[in-house]
Enquirer: 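Structure incoming, see below.
Keep in mind that the numbers below use all heavy atoms, side chains included, and drop hydrogens, waters and symmetry copies. All chains are named by letter (A, B, ...) in the order of the sequence lines, taking the proteins before the strands, and each is independently numbered beginning at 1.
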There are 2 protein chains.
Amino acid sequence: MMRQGFAATTVDQICAEAGLTKGSFFHHFESKEALGLAAMAAFAELGMGLYAVAWDAPDVGPLEKLHRLLDVMSDLARQHGELLTCMVGMLSQELALSNATVRQAGEGHMEAWVGAVAGLLTEAKRLHPPRVGFDSDAVAWMLYSTWQGSMLVGKTRQRPEMVIENLRQMRAYLDGLFEPLGKSKSKHPKRA
Amino acid sequence: MMRQGFAATTVDQICAEAGLTKGSFFHHFESKEALGLAAMAAFAELGMGLYAVAWDAPDVGPLEKLHRLLDVMSDLARQHGELLTCMVGMLSQELALSNATVRQAGEGHMEAWVGAVAGLLTEAKRLHPPRVGFDSDAVAWMLYSTWQGSMLVGKTRQRPEMVIENLRQMRAYLDGLFEPLGKSKSKHPKRA
DNA sequence: TCGTTCATACAGACTGGTTGGTATGTAGCG
DNA sequence: CGCTACATACCAACCAGTCTGTATGAACGA
C-alpha cells in the first residue's frame with residue numbers, strides 16, 4: 001500500500017505476499033477498508049514507538065527532547081532513503097475526501113504526534129520563556145505538516161537528502177523560537 | 001481524481017462527468033495514465049498562473065513578491081476550504097513509487113515552483129544581505145514541502161485555518177532569514 | 001485414555017459486477 | 001475525399017467479497 005496506494009493494492013496481492021489465501025484474509029478482516037485502517041494503526045504505533053525514545057527519555061529537558069525527536073526523524077530519512085513514506089499520510093492523501101472513516105483515523109494518528117510535540121513545546125516555554133509568545137499547537141501542526149510534506153516531496157524527487165535538510169531548517173526554526181538572538185547559539189551544535 | 005485518487009477514478013466516471021463516451025476518451029488520450037499526466041500539467045499551469053501574479057508583479061522587490069506569493073497561497077486556502085488539494089501532490093503521493101513517468105512529471109512541476117521561488121530568494125539575498133547565509137534552493141524546497149504538507153494535513157483535518165496559520169509561520173520564518181532582530185519588524189504587517 | 005464438541009484458522013472454488021482498452025462505425029466539415 | 005471527433009458494442013481480465021469445506025487443537029466428560 002505504501003508503494004502503490006490503497007486502491008491499486010489488491011487483496012489477492014496482499015494474500016500472495018503474506019503467503020495466505022483470500023478465505024483467510026476475510027476471516028481476519030471484515031473488508032479491505034478494515035485492513036487499511038489496521039495498516040494505518042500498526043504503522044502509527046510503530047512510528048510512535050520510535051519517536052518515544054526521544055520524548056520519553058528520562059532526565060532530559062523538553063527542548064533537548066525536541067532535538068532528539070528531530071534526530072530520530074533524520075535517522076529515519078537516512079535509513080529508508082528513497083522509500084521514506086508515511087502510511088498515515090499516504091492513505092489520508094488518497095482517501096480523506098472520499099472515506100470519512102479513514103479520514104478520521106488519519107486525523108487521530110496525526111493528533112497523537114502533534115499532541116506529544118505540543119506538550120513538549122508548552123513545557124519548553126515554561127522553562128525557557130521565549131521572547132515572543134507562540135501557540136504550541138500551531139507550531140506542532142506546522143512541524144508535522146512540514147514532516148509530511150518533506151516525505152512526499154522527498155519521495156517524488158527521490159532525494160532523501162532534501163528531507164534531512166528540511167529537518168535541519170525545522171531545527172533552526174525551533175531554535176529561533178527560543179533563542180531570538182545572541183543567546184547560547186551553539187547549545188545544540190550542528191546535528192542532523 | 002483530486003477527491004478519490006487516480007486508481008479509484010474510473011474512465012467511465014470521467015466520461016460520465018464530461019458528458020462523453022469512452023470511445024471519445026481513448027481518441028483524445030492514449031491511456032488513463034496519459035490523462036493523469038495531462039491533469040497534472042493542466043493543474044500545474046493553472047496554479048503557476050495564479051502564482052505568477054505575485055512573482056511577475058512589475059516594480060516590486062523580491063521580498064515583497066515572496067510575501068505576495070504567500071498572500072496568493074493564503075487566498076487559495078481561504079477560498080477552497082476543506083477541498084484544498086494539489087493534483088501534483090496527490091498523484092505524486094499515490095504513484096511516485098510505482099510509476100516512473102508520473103514521478104518525473106510531478107518532480108518537474110515541483111521544480112518549476114521551487115525554481116521561481118529560489119530565484120526570488122537569491123535576488124532578495126542580493127538586495128537585503130541576511131545576517132546568516134542560506135541556500136536559496138534549500139529554503140525554497142522547504143517552503144514547498146511545507147505547502148504540500150499543509151494541504152495534506154489540512155485536508156485530513158478538514159481545517160483550512162491550519163493551512164493559513166502554517167502560511168503565517170512560513171512568513172515569519174522567511175522574515176527571520178532577512179531580519180535577524182531589531183530591524184524594521186513591521187515592514188509586512190500582519191497579513192495572511 | 002479416549003471420544004466428542006466446538007471454536008479458530010485457514011484453503012479453494014466461485015460470482016457478479018467492474019475495469020481499461022479495442023474494434024468498428026458514423027456524422028460533420030473543409 | 002479524407003480527416004477529426006465522437007458513439008456503440010464488446011471483451012478478457014480482474015476485483016472484492018462469499019460460500020463451503022477442512023485441519024487443528026483446546027475443553028470436557030466418562
Side-chain angles (χ1 to χ4, degrees), chain A residues 1-46 85-106 109 156, chain B residues 1-46 85-106 109 156:
Chain A
M1 280 188 186
M2 282 164 68
R3 267 181 258 122
Q4 313 172 324
F6 179 79
T9 305
T10 70
V11 174
D12 283 312
Q13 193 182 348
I14 294 162
C15 293
E17 270 185 56
L20 295 178
T21 59
K22 225 186 306 198
S24 175
F25 179 93
F26 284 100
H27 173 71
H28 290 283
F29 298 97
E30 203 187 331
S31 62
K32 191 186 168 188
E33 179 194 304
L35 177 82
L37 292 168
M40 266 179 104
F43 185 95
E45 195 178 1
L46 195 88
T85 304
C86 173
M87 193 87 192
V88 176
M90 187 97 190
L91 295 194
S92 294
Q93 180 85 274
E94 186 173 349
L95 301 170
L97 295 181
S98 60
N99 184 319
T101 312
V102 171
R103 209 216 86 229
Q104 279 167 356
H109 296 308
T156 304
Chain B
M1 279 188 186
M2 283 165 67
R3 267 181 259 124
Q4 313 172 322
F6 178 79
T9 304
T10 70
V11 174
D12 284 312
Q13 194 182 348
I14 293 162
C15 293
E17 269 185 56
L20 295 178
T21 59
K22 225 187 307 199
S24 175
F25 179 95
F26 284 100
H27 173 71
H28 290 283
F29 299 97
E30 203 186 333
S31 63
K32 191 186 168 187
E33 178 193 305
L35 177 81
L37 293 168
M40 266 178 103
F43 185 94
E45 197 178 359
L46 195 87
T85 306
C86 173
M87 193 88 190
V88 176
M90 186 96 190
L91 295 195
S92 293
Q93 180 84 274
E94 187 173 349
L95 301 171
L97 295 182
S98 59
N99 184 320
T101 312
V102 171
R103 210 217 83 228
Q104 280 167 356
H109 296 308
T156 305

Enquirer: Starting at CE of A:Met1, measure out to CG of A:Leu91 and round the result to the nearest 0.5 Å.
Expert: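 Between atom CE of A:Met1 and atom CG of A:Leu91 there are 6.5 Å.
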Enquirer: How many angstroms lie between atom SG of B:Cys86 and atom CE of B:Met40, to the nearest 0.5 angstrom?
Expert: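 Result: 7.5 Å between the selected atoms.
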Enquirer: Mind checking ring pair (Phe, Tyr, Trp, His ring centres under 6.0 Å) for A:Phe25 and listing every partner two or more places apart, or none if nothing turns up?
Expert: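 Partners of A:Phe25 under the ring pair (Phe, Tyr, Trp, His ring centres under 6.0 Å) test: A:Phe29.
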Enquirer: So, is B:His27 near the phosphate of D:dA5, with a side-chain N or O under 4.0 Å from OP1 or OP2?
Expert: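 Yes, within the criterion.
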Enquirer: Give the minimum heavy-atom separation between B:Thr156 and A:Gly106, together with the two atoms involved.
Expert: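 Minimum heavy-atom separation between B:Thr156 and A:Gly106: CG2-C, 4.0 Å.
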Enquirer: Looking at B:His28, I'd like to know whether one of its side-chain N or O atoms comes within less than 4.0 Å of OP1 or OP2 on D:dC6.
Expert: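 True: B:His28 side-chain N/O within range (under 4.0 Å) of D:dC6 OP1/OP2.
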Enquirer: Can you name the residues that form a side-chain contact (heavy atoms from CB on, under 4.5 Å) with B:Ala39, not counting sequence neighbours?
Expert: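 Testing B:Ala39 for side-chain contact (heavy atoms from CB on, under 4.5 Å), a comparison that skips the adjacent residues, returns B:Met87.
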Enquirer: Distance check needed: D:dA5 C1' versus B:Phe29 CZ, whole Å only.
Expert: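 In whole Å, D:dA5 C1' lies 13 Å from B:Phe29 CZ.
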Enquirer: Measuring from B:Glu94:CD to A:Glu94:CD, what's the distance to the nearest 0.5 Å?
Expert: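 So the CD of B:Glu94 and the CD of A:Glu94 are separated by 4.0 Å.
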Enquirer: Suppose the criterion is side chain to side chain donor-acceptor pair (under 3.5 Å): which pairs have a residue in residues 8-25 of chain A, not counting sequence neighbours?
Expert: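 Residue pairs with at least one partner in residues 8-25 of chain A: A:Gln4-A:Thr9, A:Gln4-A:Gln13, A:Asp12-A:Lys22.
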Enquirer: I need a per-nucleotide contact map over nucleotides 11-30 of chain C, read 5' to 3'. Cutoff is protein heavy atoms under 4.0 Å; write B for the base, S for backbone only, - otherwise.
Expert: BB------SBBB--------
Enquirer: For A:Glu33, enumerate each residue passing the side-chain contact (heavy atoms from CB on, under 4.5 Å) test, keeping only those at least two apart in sequence or located in another chain.
Expert: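 Applying side-chain contact (heavy atoms from CB on, under 4.5 Å) to A:Glu33 gives A:Ser31, A:Leu37, A:Asn99, A:Thr101, A:Val102.
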Enquirer: Is there any protein nitrogen or oxygen under 3.5 Å from a nitrogen or oxygen in nucleotides 24-26 of chain D, and what are the pairs?
Expert:
none

